[in-house]
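Here's the structure we're looking at; comments come further down.
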Protein chains: 2
Amino acid sequence: MSPTNISPSRGRPRRFDPDQAVETAQQLFHTYGYDAVSVADVTGALGINPPSFYAAFGNKAGLYLRVLDRYAKTGAIDLAGILRADRPVAQCLIAVLEEAARRYAANNGAVGCLVLEGTHSTDAGARSVCCATHAAAEDVIRRYIAERHPEEAGRLTDFVSATMSGMSDKARNGQDLDRLLATARLAGLAIDQALPAQALC
Amino acid sequence: MSPTNISPSRGRPRRFDPDQAVETAQQLFHTYGYDAVSVADVTGALGINPPSFYAAFGNKAGLYLRVLDRYAKTGAIDLAGILRADRPVAQCLIAVLEEAARRYAANNGAVGCLVLEGTHSTDAGARSVCCATHAAAEDVIRRYIAERHPEEAGRLTDFVSATMSGMSDKARNGQDLDRLLATARLAGLAIDQALPAQALC
DNA sequence: TCGCTTATGTAGGGCATACTACATAAATCT
DNA sequence: AGATTTATGTAGTATGCCCTACATAAGCGA
């Protein structure tokens, strides 16, 4: 039934912590991209041998799923928290863009958005899971806008998403926080104009 | 001195046309990306064997340079033609974005911007030449803006460039011309607001 | 202590990649 | 015609990749 540990400690104990391994792998994938990080890179960084890696994660794609899961909890933007029903839609969308700018700015070399970067991978599996993750995030934005501005939801979601992709790209090309924030705020001018100050709520 | 043909026809003639091979390779690279296209893919599409390929282009990177050269002449946006001194800066920048939307929309599967896509390559050589090409294009835009709006040149160039990156990304994820154009025009609202209608010229 | 279970280390398989050595074919120049 | 030049076709090299077979080590339960 359950393929993972049923009894917490039977057999020879692991010499490494899988959760910390996921953290290390996240740093590697985020910094260099899925394609550029080989299994040998990961095992080398962890100081383990390939069989230990495959016993713990199945394969490279399995590790990547764990990394994406961790990213959703620790590195990604909390859309549900920012897109508030008690504030103007435009203001919240701009807050998303500004938060993206902050997250995408350099963090120990792990720059840009891990998911958007994974969207460009050559590996079909990595690409599709990232595209699905990204599409889900877009849906959250789209539904949020649609509740109060149904006719604008489509194009505004496209615009916000494109701006985030662009910012992730620019972050990876070396733009610092200030420049990313400036782009977010310029995009905000368009959002403000497309969603003219409605009565609150 | 000149490593290429000095006398137009000596020795055994080629069984393929290098220029047409570059065109075929451009289609492949644009559709699938530099990393995903192997030399075997190219030689297979051309119906030639590896030695013919290497004799003509040196290596994969050499072919890519030829492709980028051809792209600059046939597929890229004619910035110099669109950024006119006799029209409002904002209007010309918006025209660039709209033209990008048109170019990035599906063309036989070759969607998005070849150069921006190459920016994401795993290969350091391909990546750096694409980054350099892209930086040159950004400089054209920046200098154009700076002539009439020096203080806005930096952030507006960043914004236009980020928007183009985002549109290229979205095009590769399946957005059609209408959605890309809508994003371009929303970005245009921001540009219009950042460059309030100056007197012409 | 003995079996059972789980993880490890060594070593390597299978595959795709970019690229090439070498003999041969097909053209021109003298 | 013979020499020279250039491209081709066959076959293969070297490298890096993901992943695994197998014997061994290290813990627990009886």
Side-chain angles (χ1 to χ4, degrees), chain A residues 1-22 25 28-29 32-67 118 121-127 129, chain B residues 1-22 25 28-29 32-67 118 121-127 129:
Chain A
M1 271 298 185
S2 159
T4 46
N5 292 350
I6 264 193
S7 107
S9 61
R10 280 281 298 265
R12 179 173 178 172
R14 279 219 172 82
R15 290 179 51 89
F16 71 102
D17 174 13
D19 287 330
Q20 192 164 343
V22 170
L28 286 173
F29 282 137
Y32 301 107
Y34 182 83
D35 295 339
V37 175
S38 69
V39 171
D41 290 331
V42 175
T43 57
L46 297 175
I48 64 177
N49 292 305
S52 299
F53 171 87
Y54 287 99
F57 302 110
N59 52 31
K60 188 182 176 184
L63 171 66
Y64 196 56
L65 289 179
R66 295 273 303 262
V67 166
S121 169
T122 294
D123 182 274
R127 209 172 49 232
V129 63
Chain B
M1 270 296 183
S2 158
T4 46
N5 293 347
I6 265 195
S7 103
S9 59
R10 279 282 296 267
R12 180 174 177 170
R14 279 219 174 84
R15 289 179 50 90
F16 71 101
D17 175 14
D19 288 330
Q20 191 164 344
V22 170
L28 286 174
F29 282 136
Y32 301 106
Y34 182 84
D35 295 339
V37 175
S38 69
V39 172
D41 290 331
V42 175
T43 57
L46 297 176
I48 64 177
N49 294 304
S52 299
F53 171 85
Y54 287 99
F57 301 110
N59 52 28
K60 189 181 175 183
L63 171 64
Y64 197 56
L65 288 180
R66 295 274 302 262
V67 165
S121 169
T122 293
D123 183 273
R127 209 172 49 235
V129 61

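Letters A, B, ... are given to chains in the order of the sequence lines, protein chains preceding strands, and every chain is numbered from 1.
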What contact category does [X] fall into here, base, sugar-phosphate, or nothing, at under 4.0 angstrom with non-hydrogen atoms?
X: B:P50; answer: base
X: A:P51; answer: base
X: A:F57; answer: nothing

### Query
Do the side chain of A:N49 and the main chain of A:P51 share a donor and acceptor less than 3.5 angstrom apart?
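Pair absent, no side-chain N/O of A:N49 close to backbone of A:P51.
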### Query
Between B:G58 and B:G11, which is nearer to the 5' end of DNA chain C once each is assigned its nearest nucleotide?
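Its nucleotide being nearer the 5' end, the pick is B:G58.
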Measure the distance from [atom1] on [X] to [atom2] on [N] and round it to the nearest whole Å.
X: A:I48; N: D:dT20; atom1: CD1; atom2: P; result: 15 Å
X: B:N59; N: C:dT17; atom1: CG; atom2: C1'; result: 14 Å
X: A:F16; N: C:dG9; atom1: CZ; atom2: P; result: 10 Å
X: A:D35; N: C:dT17; atom1: CG; atom2: C1'; result: 14 Å
X: B:R14; N: D:dT8; atom1: CZ; atom2: C1'; result: 11 Å
X: B:N49; N: C:dA21; atom1: CG; atom2: C1'; result: 15 Å

### Task
Supply the atom-to-atom distance A:D123 CG to B:D35 CG, rounded to the nearest 0.5 angstrom.
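A:D123 atom CG to B:D35 atom CG measures 12.0 Å (nearest 0.5 Å).
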### Query
Does A:Y54 place a side-chain N or O at less than 4.0 Å from the phosphate oxygens OP1/OP2 of D:dC19?
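Affirmative; the distance criterion is met.
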### Message
Taking only side-chain N and O atoms of A:R15, does any of them lie within less than 4.0 angstrom of OP1 or OP2 on C:dT8?
### Response
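Checking C:dT8 against A:R15, no side-chain N or O comes under 4.0 Å of OP1 or OP2.
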Quick check for you: among [options], whose closest atom lies nearest to any side-chain atom of [X]?
X: A:R12; options: C:dA26, D:dG9, C:dT6; value: C:dT6
X: B:K60; options: D:dG27, D:dA7, C:dA18; value: C:dA18
X: A:S9; options: C:dA18, D:dC18, D:dC28; value: D:dC28
X: A:V39; options: D:dT8, C:dC19, D:dC19; value: D:dC19
X: B:R10; options: D:dT5, C:dT5, D:dA21; value: D:dT5

#### Entry: Side-chain donor-acceptor pair present, B:D41, B:S38, cut-off under 3.5 Å
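Indeed, the side chains of B:D41 and B:S38 share at least one donor-acceptor pair under 3.5 Å.
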### Query
Does the cation-pi check pass for A:K60 over A:Y34, that is, NZ or CZ under 6.0 Å from the six-membered ring centre and within 45° of its axis?
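Yes; both conditions hold, so A:K60 lies above the ring face of A:Y34.
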### Task
Apply the side-chain contact (heavy atoms from CB on, under 4.5 Å) test between A:L63 and each candidate in A:V37, A:V22, A:L28; give the one that qualifies.
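Going through A:V37, A:V22, A:L28 one by one, the side-chain contact (heavy atoms from CB on, under 4.5 Å) with A:L63 is satisfied by A:V22 alone.
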